[in-house]
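Input: a single structure, listed below in structure tokens.
Order of the sequence lines sets the chain letters (A, B, ...), proteins ahead of strands, with each chain counted from 1.
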2 protein chains.
Amino acid sequence: MKEVLKRAGYRVTRQRLVIFEALRGTTSHPTAEEIYNMVKSRLPNISLGTVYRTLELFERLGVLQRLTFEGSPSRFDGNPKPHYHAICLGCGRVLDADEPVPEDIGRRFSEETGFEIVGYKLEFYGYCKECASKRRENENKG
Amino acid sequence: MKEVLKRAGYRVTRQRLVIFEALRGTTSHPTAEEIYNMVKSRLPNISLGTVYRTLELFERLGVLQRLTFEGSPSRFDGNPKPHYHAICLGCGRVLDADEPVPEDIGRRFSEETGFEIVGYKLEFYGYCKECASKRRENENKG
DNA sequence: CCCGTTAATAGTAATGGTTTTCATTTCCAA
DNA sequence: TTGGAAATGAAAACCATTACTATTAACGGG
Ligand SMILES: [Mn+2]
Ligand SMILES: [Mn+2]
Ligand SMILES: [Zn+2]
Ligand SMILES: [Zn+2]
């Protein structure tokens, strides 16, 4: 991380290092505020603004990705490699789906319309194992 | 539209009808504010709040879908049937991709994790025909 | 057709996530 | 070690969206 910052001409600060560690240490796709809380114990004076600024910088440097879902604040993913996500409509959890997606999924669209695809985003919506079984229970009762 | 509203127990108002027409008459996936502007000539006194409330109602009634993209306000799609979108990073346009997507795209993930998929979302990011050719021009020059 | 009831609207204030501002602190190259 | 620039903390501003409230208008029953 130090190297990434230096190479890009940015200063290495305690705040940046700690936020980076926090992101690396979780797979929960936290929001900015959640990261703020994760980091407060080690940086009692940090401000939420700095968290936002740092995450925005990390996004530009390509060390994380920002995930935008309907009706909820942005979430941040310490894994910058392309992968997909499953969002639970029950508990809100965001799970990784390390699903290989067909390489040529957009090729026909591209050929037909001249649209030059540089990336795509795939999201599954539904219910995680826990929420799905809760729902089945309730169905049986109600 | 009248019927849909009545059947669901809602009143048929001029605002609702005009907003519905505006949505039907475009394929541009407008934002709430854009719809507000489209509709002002026929409803000079309408408020932006009414546009938002109406769009939210239509979403619940299933006559439109809301599209959420990173870094831009919600867009609304008068076509409620599942289909996918391509977002141009040059001009911001949102195009329809009537691409058939493999039915079983998430089946393995579902089987492996117990996640119950009820829907998915696929988006292509890149450059529309116009923006792609502009970019090629600039490449040759610069 | 004409009310009376009550849902819907216009106008405006409030909200909440995010960005900006600015004085102060910290980093770091010389 | 130090001067200058970059980054931070604290707070204000921003902006899309939602909530509030007095007024308007839809519409079922007379
Ligand atoms: Mn992830
Ligand atoms: Mn569409
Ligand atoms: Zn769940
Ligand atoms: Zn374009």
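Between B/Arg75 atom CZ and D/dT17 atom P the separation is 11 Å, expressed in whole Å. Remark: P of C/dT12 and CD1 of B/Ile46 are 16 Å apart, rounded to the nearest angstrom. The CG atom of A/Leu57 sits 8 Å away from the P atom of D/dA7 (whole-angstrom rounding). One interatomic measurement links the two molecules: CZ of A/Phe69 to P of C/dG17, which rounds to 16 Å at whole-angstrom precision. Computed from coordinates, the B/Leu5 CG to D/dC27 P distance equals 9 Å when rounded to whole Å. Taking atom OH of B/Tyr36 as the reference point, atom P of C/dT12 lies 11 Å away to the nearest angstrom. Between A/Leu43 atom CG and C/dT25 atom P the separation is 17 Å, expressed in whole Å. Atom C1' of nucleotide C/dA8 and atom CG of B/Asn45 are separated by 15 Å, given to the nearest angstrom.
Comparing atom distances between the A/Arg11 side chain and each of D/dT17, D/dT8, C/dC27 picks out C/dC27 as nearest. Distance from the side chain of B/Thr13 is smallest for C/dA8 among the nucleotides D/dT17, D/dT8, C/dA8. When distances are taken from the side chain of B/Ser74 to each of D/dG9, D/dC27, D/dT17, the shortest belongs to D/dT17.
Comparing A/Tyr52 and B/Tyr10, the nucleotide of DNA chain C nearest to each residue sits closer to the 5' end for B/Tyr10. In this structure, A/Val51 and B/Leu48 both approach DNA chain D, and ranking their closest nucleotides by distance from the 5' end singles out A/Val51. Mapping B/Lys6 and B/Glu33 onto DNA chain D via the closest heavy atom, the residue that lands nearer the 5' end is B/Glu33. Positionally, the nearest nucleotide of DNA chain C for B/Thr50 lies more toward the 5' end than for the other of B/Thr50 and A/Pro73.
One donor-acceptor pair, N or O on each side, does fall under 3.5 Å between the base of C/dA10 and the side chain of B/Arg53.
A donor-acceptor pair under 3.5 Å is formed between the side chain of A/Thr113 and the backbone N or O of A/Phe109.
Across B/Cys88 and B/Cys128, no two heavy atoms sit closer than the pair SG-N, 3.4 Å.
Phosphate proximity of D/dA25 to B/Gln15: absent, as no side-chain N or O sits under 4.0 Å from OP1 or OP2. Note on B/Arg16: a side-chain N or O is less than 4.0 Å away from OP1 or OP2 of C/dA8.
Within the 4.0 angstrom heavy-atom criterion, no nucleotide atom of any strand lies near A/Thr31.
Here the two rings, on A/Phe115 and B/Tyr127, have centers that are 6.0 Å apart or farther.
A donor and an acceptor atom, one from each side chain of A/His83 and A/Asp96, are located under 3.5 Å apart.
B/Lys6 is not listed as a side-chain neighbour of B/Met1, based on a closest heavy-atom distance of 4.5 Å or more.
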